Amino acid sequence: MKKAFRPVICIVLAAAIMLSFSGCAKLSYVFGAAVEAVDDIKTGEWKKADEAAFNESSVNDDPLVIDEFKAGNYCGIEFKTVDDVIKYYVEAYNKTKAKTAKYTDENGNVTEMYAFADEKHMEVKDILVEGKSNAVINKLIPKLLDSLYKPSTGGLHPCNAREPEKDVDENNKSLLTCRVTAEDVLTANVTDNGDGTLTIAMQPKATEMSRVGMDPQGKFFTTLNDIGSVVEAVSVFSWASGTTEENCKVVYKGGTAVVKIDTKSGEITEADYNMIVYVNIKHANIAVVHDRSLSAVVDYRCHFPCSKEFFDKINVHPVD
C-alpha cells in the first residue's frame with residue numbers, strides 16, 4: 001500500500017482534469033508504468049457542470065468534529081486530562097500492535113503479519129476542476145480508482161507494511177510503537193460502554209503535507225508523505241507557472257481515530273481510523289490540457305478487525 005497509494009492519487013487527479021477538458025467522455029490513456037490502461041467508456045455528451053467555489057483548504061481552519069474532553073471515572077479508570085487519555089491509548093496501541101499471527105499471503109506463502117489487522121476503503125470525492133463539478137467525472141473516477149488501487153491489510157495506523165519488521169518510517173525507524181502525545185490532538189474523549197470496555201475518540205491537529213510518524217496527522221494515519229515529489233515524477237504533470245510547493249497543497253484535517261479498549265486486557269478490540277485529505281492543485285498542465293486548477297477530497301477509512309470477506313477479497317488468510 002505504501003508504494004501504490006500516492007501514485008494512484010496523483011493519477012486519479014490527473015485523469016479528472018483530462019476528462020473534464022477532453023471534449024467527450026471516452027478515455028483510454030496510459031500513465032507511464034504505473035497504469036496498464038483504462039477501458040474505453042462511452043457515455044455520450046457531457047452533462048452541464050455545476051458552479052462551485054474552489055476549495056482552498058487551510059490548516060488554520062480546523063474545527064472540532066468530536067465532543068470535547070470531560071474529566072471523570074470511566075470503567076473504574078480516572079481520566080483527569082486529555083494527556084491521561086492519550087497515554088492510555090498509547091499503552092493499548094503498543095500492547096495490541098506487538099502481537100503477530102501467521103497468514104497465507106497472495107502467493108500461498110505462510111508469513112508473519114500483525115494479528116490485529118485492518119480492512120481499507122478509499123474514496124476520492126468532491127472533485128472540482130476550475131471550480132466546477134461534473135456528474136460524468138464523478139461517475140468515472142470511482143471506476144478508475146477501483147481499477148488502480150489494490151488495498152491490502154496491515155496493523156494499527158500509521159502502518160507502512162503488514163509485516164512488523166518492514167513497518168518503518170522514511171528514516172527506517174520502526175512504527176511498531178505509538179508516537180502520539182497530547183500535543184498532537186485538538187481533543188480526545190472517553191465513553192464508558194458499560195461492558196468493561198472504553199471507547200476513545202481522538203482528533204489530530206490539521207497538518208499540511210503530512211509525513212508518516214512525523215507530525216500530528218502522520219502519527220495517527222498512514223499519510224501520503226510528500227505527494228509533491230510524486231506529482232513531479234508523473235510525466236504528464238507540469239506547471240504553467242509557479243513551483244510544485246506553490247501549486248500543490250495537501251491538507252489533512254477533520255479525520256478521527258476511534259478505538260474500543262478492553263480494560264481487563266488493556267488491548268484494542270475494535271478501531272476506525274478515518275483520514276480526510278484536501279488536495280488542491282493550481283496551474284497544472286496535464287498532457288494537452290494547460291493551466292487548470294483542481295480540488296478533491298480523499299476519504300481513507302481503515303476498520304479493525306478485518307472481516308473474512310475482506311480477507312477473501314485480497315486473498316490473504318489467517319492460518320488456523
Side-chain angles (χ1 to χ4, degrees), residues 62-100 114-121 153-160 164 167 169 174-207 210 212-223 252-277 299-307:
D62 193 18
L64 277 178
V65 298
I66 62 173
D67 293 335
E68 291 275 14
F69 169 74
K70 291 183 180 180
N73 187 296
Y74 301 86
C75 281
I77 302 170
E78 190 72 23
F79 293 96
K80 296 180 180 179
T81 65
V82 170
D83 187 58
D84 292 337
V85 179
I86 297 302
K87 287 179 178 177
Y88 191 77
Y89 166 70
V90 169
E91 290 177 2
Y93 178 106
N94 292 346
K95 184 177 289 188
T96 307
K97 199 169 184 180
K99 292 191 172 182
T100 61
Y114 287 114
F116 195 54
D118 70 339
E119 56 183 64
K120 301 175 175 66
H121 304 277
T153 190
L156 287 168
H157 288 243
C159 183
N160 273 334
D167 188 14
D169 64 18
S174 175
L175 292 169
L176 185 58
T177 56
C178 186
R179 303 177 184 179
V180 175
T181 70
E183 295 300 314
D184 295 316
V185 300
L186 288 177
T187 194
N189 62 59
V190 186
T191 301
D192 186 333
N193 298 318
D195 59 358
T197 66
L198 296 174
T199 295
I200 293 178
M202 298 159 287
Q203 182 179 346
K205 294 176 181 177
T207 307
S210 174
V212 174
M214 304 296 178
D215 50 63
Q217 292 281 324
K219 294 177 185 178
F220 276 99
F221 308 123
T222 309
T223 54
Y252 301 74
K253 63 180 181 180
T256 59
V258 180
V259 301
K260 181 184 288 186
I261 301 172
D262 183 330
T263 58
K264 185 176 181 179
S265 67
E267 296 178 18
I268 297 172
T269 60
E270 188 175 349
D272 287 282
Y273 291 83
N274 179 204
M275 180 177 74
I276 302 176
V277 191
D299 190 347
Y300 187 55
R301 298 176 181 269
C302 301
H303 174 76
F304 296 80
C306 186
S307 66

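If you're wondering where the values come from, they're calculated on a predicted model, not measured in any experiment.
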Checklist entry - Do Y89 and V259 have side-chain heavy atoms sitting under 4.5 Å apart? => result yes
Item to check | Whether S210 side chain and G218 backbone form a donor-acceptor pair below 3.5 Å | outcome: yes
Checklist entry - Just by modelled atom types, is the T181 backbone N or O under 3.5 Å from a matching donor or acceptor in the D184 side chain? => result yes
Checklist entry - With a distance cut-off below 6.0 Å to the six-membered ring centre and an angular limit of 45° from the axis, does K97 pair with Y114 as a cation-pi contact? => result yes
Item to check | For F69, all residues meeting ring-ring contact (aromatic ring centres under 6.0 Å, His included), sequence neighbours excluded | outcome: none
Checklist entry - Heavy-atom distance under 4.5 Å between the side chains of V82 and T187, does that happen here? => result yes
Checklist entry - Does Y273 have any ring-ring contact (aromatic ring centres under 6.0 Å, His included) partners at least two apart in sequence or in another chain, and if so, which? => result H157, F304
Checklist entry - With side chains defined as the heavy atoms from C-beta onward, is the minimum distance between Y252 and M275 less than 4.5 Å? => result yes
Next on the checklist: Has T222 got a side-chain atom pairing as donor or acceptor with C159's backbone, closer than 3.5 angstrom?
Outcome noted: yes
Checklist entry - So, T199 versus N193: side-chain donor-acceptor pair below 3.5 Å or not? => result yes
Next on the checklist: Less than 4.5 Å apart, side chain to side chain, heavy atoms only: is that true for L198 and F79?
Outcome noted: yes
Item to check | From T269, T197, I200, residue fulfilling side chain to side chain contact (heavy atoms under 4.5 Å, CB included) relative to I261 | outcome: I200
Item to check | Heavy-atom side-chain contact between Q203 and D62 under 4.5 Å | outcome: yes
Checklist outcome for this item: Sorted by chain and number, sequence neighbours left out, ring-ring contact (aromatic ring centres under 6.0 Å, His included) with H303 holds for none
Checklist entry - If we only count heavy atoms from C-beta on, is the Y74 to T263 side-chain gap below 4.5 Å? => result no
Checklist entry - Do R179 and D169 come close enough that some side-chain heavy atom pair is under 4.5 Å? => result yes
Checklist entry - Distance-only, no hydrogens or angles: does the D272 side chain make a donor-acceptor pair with backbone N or O of R301 under 3.5 Å? => result no
Next on the checklist: Could you check whether any side-chain N or O of E119 sits under 3.5 Å from a backbone N or O of C302, counting only pairs where one atom can act as donor and the other as acceptor?
Outcome noted: no
